[in-house]
Chemist: 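What follows is a single structure, and I will ask about it in a moment.
Every chain is numbered from 1 and lettered A, B, ... according to where its sequence line falls, protein lines coming before strand lines. From a predicted model like this one, the values you see are computed outputs, not experimental measurements.
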2 protein chains.
Amino acid sequence: MRSKITLKELAKLLNVSVSTVSKSLNDSPEISPKTVQRVKELAQLHNYRPNPTAVNLKRNRTGNIAVIVPNISNTFFAKVLGGVETEARKLGFQVITYISNESLKLEKQITELISNGLVDGLLISVSEETQKMNDYAHLHNLLEYEIPVVLFDRIIPNIEIDMVGVNDKDSIYDAVQFLYSRNIKKIGLVCALGDIGLGQLRIEGYKKACKDLGLPVDEKFAVVSRDIPEVKDKLKQLLQEKEVEALIGLDFLSTLLTSRAIQEEGLKIPEDIKMIGYVNEDIAPILYPSLSYVDQHPRQMGETAATLLVERIKGNKPSTPSHTTLKTELKHLDSTRF
Amino acid sequence: MRSKITLKELAKLLNVSVSTVSKSLNDSPEISPKTVQRVKELAQLHNYRPNPTAVNLKRNRTGNIAVIVPNISNTFFAKVLGGVETEARKLGFQVITYISNESLKLEKQITELISNGLVDGLLISVSEETQKMNDYAHLHNLLEYEIPVVLFDRIIPNIEIDMVGVNDKDSIYDAVQFLYSRNIKKIGLVCALGDIGLGQLRIEGYKKACKDLGLPVDEKFAVVSRDIPEVKDKLKQLLQEKEVEALIGLDFLSTLLTSRAIQEEGLKIPEDIKMIGYVNEDIAPILYPSLSYVDQHPRQMGETAATLLVERIKGNKPSTPSHTTLKTELKHLDSTRF
DNA sequence: CTGAAAGCGCTTACAG
DNA sequence: CTGAAAGCGCTTACAG
């Protein structure tokens, strides 16, 4: 029932002009303290709030930022989103969420939609398809419209756009090195992302570590495919050969599939096989067995990306693209306690 | 660089008035087909898009809906959010996401913020604290401001607000009945939500089922607490007594904790203990062992809630609150295959 | 110190 | 069929 009061109505009630009311509420030094007080009192009484749409129109902005995540089942992105939301709210921005469902087409549809002026900036982790097609025209398009874009997590090499990610090569390098230091030499990996994007980077990190440590890079130890049944089959085969001593799951799905496959084969973690995976802090400790994981600090990633985007929106940054790399951390739970 | 073109600029280029351009683009029958075509061609050439902020100001709406989820780690809410996003986009609304972190205070802060006119409506699953305090003044407040509110998942009894939920009593009733029909009589439950809200409803459903089926309701079989270490302790004790034949986890966390505790005790699922839980379709099949679960159709819940909210916003609905109950489904995986 | 005016980018009743 | 005017709810340079 109680409908929102406007500046005009307040002005009428106070017998002053709309300008005076507006200035008073914005603490303009132009207005006498007495008037300011009168205005503020009445405003408070009526619980006046400026209409954000009108303010935004005037200020030529929207007060919104968009975030596009490729999927939402993966708790990693949910966590990032949480970080973005917290930070954006602090900075006075609303977060409009979109889910691309790993589809380039949908991603284009969404960027097209927001290029109309729905948001002041975009945070995006590009879809698998986008990476595969290597098609980023839609992002460049937004930049041409002067809508800042910040990439997170799934970073893209050789592109002139702000990014916030983790050092994926290093993260797995560390994992391999840890296992090596504990005298584990036959280390396999499982990747359901295929060999593009993050999957590719992580695989490279693995290979680099093996090379540096003098471990043979045996193709047999690498289960890499985007086809889930194929991943399962290869994994089973690998386990039945009883050679591999440790497995690293390179993504959420692979990690769970690997833990499951090991146990299905009647093998024990960590006694028979050690495991390290990419799962998050909420779920890793309550699985059985609990899984050691690479902490990618998703909340912090979201916060950092949001902060950077807002700085771009405000034009506070030099125009050269900024690349932020967060340090990952290997967290040890039961699967590497041996 | 390429800055957005406005109606005014188009009008100038075409040597017609702003009104004519606006009407042409909106296919007004007032304008001659020839003019309409001229205008549209130029608009297309310049890739003209109406400024949504201006349109919204004029139409006295925002085009946004807010959704407040209590937490984001729980993949259930992530899925609901996915459903909301898809449906809202179809209906021409943007989804602004907020996370209350199970805090009433934060929830109030957020509702206060959006009451300023940031959104046209709100979807909310209230926080645990809100349920415990039984304080819904902030929601009624929004309704007074004529901002429609739709509750989802965590529904509240005796409140005059639209809701979309599942029949929590029935869902667990079905689970108990299924186990009973397979000759399992000693059925325990584990709940980390405590005995408020959904936890309470599910516990009631359990008790009702036991009563109807003539099973004794033994307090010992009910592990209920909001304190995680306490849940773990009680669970361990219960398992060591080796009486219980099946356990039902009433929420995501309890379900994983239960599966883990059973295995830690060296017991096998389903051979020694059967299990049913509240986890989602993505994760249930890749756990080891895979867990039978109550499918609450989170996507559908999000879609239904969004549709209802948009109808309220458009004023297409009679004003009596609508209560939609989705049917849950018991999905059988390894933990009940016996 | 206060207010009239212009304007943000649109839409739409009204006049011609 | 076209356009001038008013208005959505604000802000702000400018005049008094």
Chemist: With rounding to whole Å, what would you report as the distance between C:dT2 and D:dG9 at their P atoms?
Modeler: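 Between the two P atoms, the distance is 25 Å.
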Chemist: In whole Å, what is the span from the CG atom of A:Leu118 to the P atom of C:dG9?
Modeler: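 Between P of C:dG9 and CG of A:Leu118: 16 Å.
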Chemist: In the structure I gave you, are the side-chain heavy atoms of A:Val67 and A:Phe152 within less than 4.5 Å of one another anywhere?
Modeler: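 A:Val67 reaches A:Phe152 side chain to side chain.
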Chemist: Looking at A:Thr20, does any N or O in its side chain come under 4.0 Å of the phosphate oxygens OP1/OP2 on C:dG3?
Modeler: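 Yes, within the criterion.
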Chemist: Give the rounded distance in Å between these two atoms: CG of A:Asn60 and P of D:dT12.
Modeler: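 Rounded to the whole Å, the gap is 13 Å.
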Chemist: I'd like to know if B:Glu146 and B:Arg312 make a salt bridge, using a cut-off of under 4.0 Å between side-chain N and carboxylate O.
Modeler: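 Salt bridge between B:Glu146 and B:Arg312, a charged N being under 4.0 Å from a carboxylate O: no.
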Chemist: Once you round to the nearest 0.5 Å, how far does NE2 of A:His138 lie from NZ of A:Lys105?
Modeler: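 Output value for this atom pair is 14.0 Å.
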Chemist: Tell me the interatomic distance from A:Glu9, atom CD, to D:dC8, atom C1', rounded to whole angstroms.
Modeler: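 After rounding, the gap between these two atoms is 13 Å.
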Chemist: One thing to verify: whether A:Arg49 and B:Glu112 come together as a salt bridge, which I'm taking to mean a side-chain N less than 4.0 angstrom from a carboxylate O.
Modeler: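 Salt bridge present between B:Glu112 and A:Arg49.
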Chemist: Quick one: is D:dT11 close enough that its OP1 or OP2 comes under 4.0 Å of any side-chain N or O from A:Ser22?
Modeler: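 For D:dT11, OP1/OP2 do have a side-chain N/O of A:Ser22 under 4.0 Å.
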Chemist: Do any side-chain nitrogens or oxygens of B:Arg49 fall under 4.0 Å of OP1 or OP2 in C:dG9?
Modeler: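 No, outside the criterion.
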Chemist: At less than 4.0 Å, is any side-chain N or O atom of B:Lys8 found next to OP1 or OP2 of C:dC8? Yes or no.
Modeler: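 For C:dC8, OP1 or OP2 has a side-chain N or O of B:Lys8 closer than 4.0 Å.
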Chemist: For C:dG16, give its Watson-Crick or G-U wobble partner with both distances under 3.5 Å, or none.
Modeler: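 Per the H-bond distance test, D:dC1.
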Chemist: How many whole angstroms separate atom NZ of A:Lys4 from atom C1' of D:dC10?
Modeler: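 It works out to 12 Å between those atoms.
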Chemist: Considering only heavy atoms, which members of residues 23-41 of chain A lie under 4.0 Å from some atom of DNA chain C?
Modeler: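 Residues of residues 23-41 of chain A that come under 4.0 Å of DNA chain C are, in numerical order, A:Lys23, A:Glu30, A:Ile31, A:Ser32, A:Pro33, A:Thr35.
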Chemist: Expressed in angstrom and rounded to an integer, what is the separation of A:Leu14 atom CG from C:dT2 atom C1'?
Modeler: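 Spelled out: CG on A:Leu14 to C1' on C:dT2 is 13 Å.
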Chemist: Can you identify which nucleotide, out of D:dT11, D:dG9, C:dG9, has its nearest atom closest to the B:Asn51 side chain?
Modeler: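 That would be C:dG9.
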Chemist: Quick check on side-chain contact (heavy atoms from CB on, under 4.5 Å): which of B:Ile96, B:Asn64, B:Leu122 does B:Ile114 satisfy it with?
Modeler: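 Among B:Ile96, B:Asn64, B:Leu122, the one meeting side-chain contact (heavy atoms from CB on, under 4.5 Å) with B:Ile114 is B:Leu122.
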Chemist: What is the distance, to the nearest angstrom, from the CG atom on B:Leu57 to the C1' atom on D:dG7?
Modeler: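 These atoms are roughly 9 Å apart.
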Chemist: Could you go step by step and tell me if A:Asn141 and A:Tyr136 meet the side chain to side chain donor-acceptor pair (under 3.5 Å) rule?
Modeler: CA-CA 9 Å; A:Asn141 215 30; A:Tyr136 304 105; over 6 Å; no
Chemist: Would you mind reading off the distance between A:Asn15 atom CG and C:dA4 atom P, rounded to a whole angstrom?
Modeler: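 Distance, rounded to whole Å: 12 Å.
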Chemist: At 4.0 Å (heavy atoms only), tell me whether A:Arg61 reaches a base, stays on the sugar-phosphate, or touches nothing.
Modeler: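 A:Arg61: no heavy atom of the nucleic acid under 4.0 Å.
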Chemist: For atom CZ of B:Arg38, is the number of surrounding heavy atoms from other residues, nucleotides or ligands below 6.0 Å larger than 12?
Modeler: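 Result for CZ/B:Arg38: open.
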Chemist: OP1, OP2 of D:dG9 versus side-chain N and O of A:Tyr48: anything below 4.0 Å?
Modeler: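 No, A:Tyr48 has no side-chain N/O under 4.0 Å of OP1/OP2 on D:dG9.
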Chemist: Among D:dA4, C:dA4, D:dG9, which is the nearest nucleotide to the side chain of A:Ser19?
Modeler: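 Selected nucleotide: C:dA4.
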Chemist: DNA chain C: B:Thr53 or B:Arg59, which has the more 5' nearest nucleotide?
Modeler: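 Per heavy-atom nearest nucleotide, the more 5' residue is B:Thr53.
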Chemist: How many Å lie between NZ on A:Lys58 and P on D:dT11, as a whole number?
Modeler: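 Taking NZ of A:Lys58 and P of D:dT11, I get 9 Å after rounding.
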Chemist: Pick base, sugar-phosphate or nothing for A:Val16, based on heavy-atom distances below 4.0 Å to the nucleic acid.
Modeler: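 Sugar-phosphate, backbone atoms only, no base.
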Chemist: Tell me, with the steps shown, if A:Lys108 and A:Ser103 meet side chain to side chain contact (heavy atoms under 4.5 Å, CB included).
Modeler: CA-CA 9 Å; A:Lys108 289 196 170 204; A:Ser103 147; over 6 Å; no
